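Report on one structure; see the data block that follows.
Only a predicted model underlies this, so the values are computations on that prediction, with no experimental measurement involved. Just so you know, ligand 1 is whichever comes first in the structure, and atom 1 is the first atom listed for that ligand.
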Amino acid sequence: MTAALNNLVARLRPLRLPRVCVAVTGADPAEMLDKADALVRDNTFLEFRLDYLPRPVLALPKIKQFTEYHPHVVLIATCRRAGNGGKFQGSIASQLDILWRAAAAGCQLLDLELQSAAHTKLEALNRLRSAASLILSYHDFHATKNLEETLGRMVVFPADFYKVVTTANTLYDNVEMMKFIERNSDRYSLIGLCMGEQGIISRVLGLRAGSIFTFAAVSEDEKTAPGQITARELQSTYRVEHVDAPTRVYGVVGNPVAHSLSPAVMNAALRRETVNAVYLLLHAKTLKDLLACVRDIPIHGLSVTMPYKEKIIEYLDNTDTHTTKIGACNTVVRAQDGKLYGFNTDTAGVVRPLQQRLELENAKVLVLGAGGAARAAVFGLKERGAEVSILNRTPGPAQKLARSARARTIKRSDLPKQFFDVIVNATPVGMGNTRESPLNQNEIRARYVFDMIYDPVETRLLKLAKAAGAQVIPGLEMFIHQAARQFEIWTGKPAPLAEMFSVVTKALAEREAIRQAAENKRH
Ligand code: NAP
């Protein structure tokens with residue numbers, strides 16, 4: 001294709017570009033092109049990071065072949081200079097030359113940093129722009145600040161797209177980026193996002209605000225920017241192709257929160273029930289930061305996890321009486337008037353799986369632990385008429401909980417003499433490994449043993465319980481039922497339980513396989 005024709009095609013593209021561009025790197029041209037070949041089945045928009053190659057020009061003949069083979073693929077060529085956050089060591093003149101040749105090889109878009117443009121004559125920029133669409137880019141690797149001023153410096157240069165990428169140090173930085181895009185996207189074709197772990201949500205919400213597209217990594221190991229997420233995650237978990245202005249935003253908040261399975265489960269449920277909503281990971285370092293985002297994005301609902309379940313209550317406008325008694329909130333709803341209401345669905349997570357198996361009225365239940373999850377279990381079980389005994393490592397919290405819930409405490413030495421309908425583990429003992437158990441086998445005398453821990457799926461406690469003749473209930477059931485109740489509160493629809501189970505089971509199996517592979521590697 002001639003440069004002029006190429007250019008004409010490129011000019012028609014802004015509204016038709018796919019929303020996710022996958023950044024492709026490689027140690028040499030062959031590796032880079034092999035990766036691109038493997039990607040094109042599922043991704044029609046790729047960025048060749050030529051600056052990652054020791055000699056970028058050597059890739060150009062292969063790129064030409066690639067574009068001839070895959071005329072439907074949209075390609076960005078980037079050869080970012082080292083001083084501007086890339087890896088290219090050459091001069092601006094050689095950078096421009098490589099980009100020009102990349103356009104001749106069929107790349108429809110060229111990415112050039114503002115710093116390079118500022119040292120380039122207008123006619124050279126126009127020449128580049130006659131060959132392909134130009135993305136003028138600016139990266140701030142430290143902060144999200146002076147966005148309008150930056151755009152002001154950029155738009156004096158002619159370009160087809162203006163790309164502003166900053167670093168989020170707080171969740172609220174994402175809101176600043178979104179507002180910036182919203183203010184300017186009707187005048188310019190903008191690409192905006194925040195890098196860094198705190199900036200992950202901007203990769204989805206930026207699109208909702210009007211960013212033309214966003215960037216993704218090929219895989220976990222091949223990220224070209226901090227906080228980048230994989231194309232697969234953006235497309236299949238977050239369904240970014242469908243995110244638009246009316247899309248409601250939900251999320252799980254915690255610190256840390258990176259390993260939460262909630263986005264996989266909740267996004268699958270939203271998709272299955274065709275709710276126009278997206279559920280994000282919100283890594284909040286402070287509640288103040290989080291609540292400012294809830295107000296301004298706005299966020300319609302939150303799943304609350306460690307360490308905020310108790311602390312968030314004072315920031316809410318109201319909680320139901322059950323949640324007030326428990327003193328821990330794992331679900332927040334933002335009403336139409338902007339008020340925040342708190343609920344506790346951990347109770348449903350414990351009670352529902354048990355009610356499917358036995359009558360709770362007068363059932364004898366032992367709860368291990370006296371923290372937030374134990375409190376949700378104890379109050380929920382008492383409300384359904386169960387006789388509840390509490391055993392905790394530290395006696396004080398157990399006694400306090402027993403007093404407030406009208407339950408009783410029990411000594412560990414008395415366990416071998418007692419028989420329970422249900423034992424519920426609400427301690428973290430056994431989490432992430434299969435060697436620790438909160439009880440020994442001779443202490444497990446029960447019909448059912450319910451472990452709240454869901455990773456691993458089969459804990460040491462559950463293995464011992466099986467050996468002691470009890471039936472077991474994995475923490476996965478609690479996880480799904482508390483999430484299902486959240487889904488019902490937020491959407492008013494019944495939750496697609498089977499879909500949710502299948503997604504979380506698959507995710508845990510993948511996690512277990514990775515853990516196993518790492519273990520095998522160590523030995
Ligand atoms: P929490 O508020 O920190 O309470 C932890 C409780 O476990 C406390 O009573 C603590 O006793 C006890 N504990 C901690 N380490 C212990 C140890 N080494 N030996 C004996 N007891 C120990 O935590 P939480 O929010 O209640 O969560 C408890 C567990 O439930 C966690 O594993 C969590 O992942 C799980 N959970 C699962 C779900 C689900 O959906 N499946 C939902 C919520 C929670 P002290 O008072 O002596 O410190």
For this session: For atom 35 (C) of ligand 1, find the nearest protein heavy atom and state the residue, atom name and distance (0.1 Å precision).
Result: M452 CB, 4.0 Å

Exercise. Can you tell me the protein heavy atom closest to atom 26 (O) of ligand 1 and the distance?
Worked result: A373 N, 2.7 Å

Exercise. Would atom 17 (C) of ligand 1 count as contacted, meaning some protein heavy atom under 4.0 Å?
Worked result: yes

Seminar exercise, completed: the protein heavy atom lying closest to atom 34 (O) of ligand 1 turns out to be M431 SD, 3.7 Å

Exercise. Is it true that the side chains of D296 and Y172 contain a donor and an acceptor less than 3.5 Å apart?
Worked result: yes

Exercise. With sequence neighbours left out, what residues match F141 under ring pair (Phe, Tyr, Trp, His ring centres under 6.0 Å)?
Worked result: H139

For this session: Consider ligand 1: state whether an atom of it lies below 4.0 angstrom from any non-hydrogen atom of E477.
Result: no

Seminar exercise, completed: Taking every heavy atom of V422 against every heavy atom of F450, the minimum-distance pair comes out as CG1-CB, 4.5 Å

Exercise. What is the nearest protein non-hydrogen atom to atom 28 (C) of ligand 1, stated with its residue, atom name and distance?
Worked result: A426 O, 3.2 Å

For this session: Answer yes when R375 and D346 have at least one side-chain N-carboxylate O distance shorter than 4.0 Å, and no when they do not.
Result: no

Problem set entry | For atom 2 (O) of ligand 1, closest protein heavy-atom neighbour | G372 N, 3.0 Å

Exercise. When only distance counts, is R393 in polar contact with ligand 1, meaning an N/O pair under 3.5 Å?
Worked result: yes

For this session: Could you see which bit of Y454 sits under 4.0 Å from ligand 1, with heavy atoms only: side chain, backbone, both or neither?
Result: side chain

Exercise. Which of the numbered atoms in ligand 1 are below 4.0 angstrom from a heavy atom of G475?
Worked result: 41 (N)

For this session: Assess K87 against Y52: is NZ or CZ under 6.0 Å from the centre of the six-membered ring, and within 45 degrees of the ring's axis?
Result: yes

Problem set entry | T166 side, atom OG1; K145 side, atom NZ - distance, nearest 0.5 Å | 9.5 Å

Exercise. Would you call E176 and K179 a salt bridge, using N to O less than 4.0 angstrom?
Worked result: no

Exercise. Atom 1 (P) of ligand 1: which of A483, G371, P395 has the nearest heavy atom?
Worked result: G371

For this session: Give yes or no for whether the N/O distance cutoff of 3.5 Å, strictly under, is met between V429 and ligand 1.
Result: no

Problem set entry | More than 12 heavy atoms from other groups under 6.0 Å of CZ on R384 | yes

For this session: Sort out for me which residue in T247, V20, T214 forms a side chain to side chain contact (heavy atoms under 4.5 Å, CB included) with V240.
Result: V20

Exercise. For atom 23 (O) of ligand 1, is the nearest protein heavy atom closer than 4.0 Å?
Worked result: no

Exercise. Can you pull the side-chain hydrogen bond (donor to acceptor under 3.5 Å, both in side chains) pairs that have at least one residue in residues 501-516, sequence neighbours excluded?
Worked result: D455-R515, E512-R515

For this session: Could you check atom 5 (C) of ligand 1 against the protein and tell me its nearest heavy-atom contact, residue, atom and distance included?
Result: P428 CD, 4.0 Å

Problem set entry | Closest approach of any protein heavy atom to atom 3 (O) of ligand 1, naming residue and atom | M306 CE, 4.2 Å

Exercise. Regarding S303 and Y279, is there a side-chain donor-to-acceptor distance under 3.5 Å anywhere?
Worked result: yes

Seminar exercise, completed: Closest non-hydrogen contact found for T144 with C194 is OG1-SG, 4.0 Å

Exercise. Nearest heavy atom to atom 47 (O) of ligand 1: which of L261, T459, T394, L391 does it belong to?
Worked result: T394

Exercise. Where does K309 meet ligand 1, judged by heavy-atom distances below 4.0 Å: at the side chain, the backbone, both, or neither?
Worked result: side chain

Exercise. Looking at ligand 1, does A370 have a heavy atom less than 4.0 Å from it?
Worked result: yes

Exercise. Is any NZ, NE, NH1 or NH2 atom of the basic residue among E241 and R19 found under 4.0 Å from an Asp or Glu carboxylate oxygen of the other?
Worked result: no

Exercise. Which atoms from ligand 1 have a heavy atom of G369 less than 4.0 Å away?
Worked result: 9 (O)

Problem set entry | Top protein contact for atom 10 (C) of ligand 1, by heavy-atom distance | N392 OD1, 3.9 Å

Seminar exercise, completed: Logged contact type for L476 with ligand 1, heavy-atom cut-off 4.0 Å, is neither

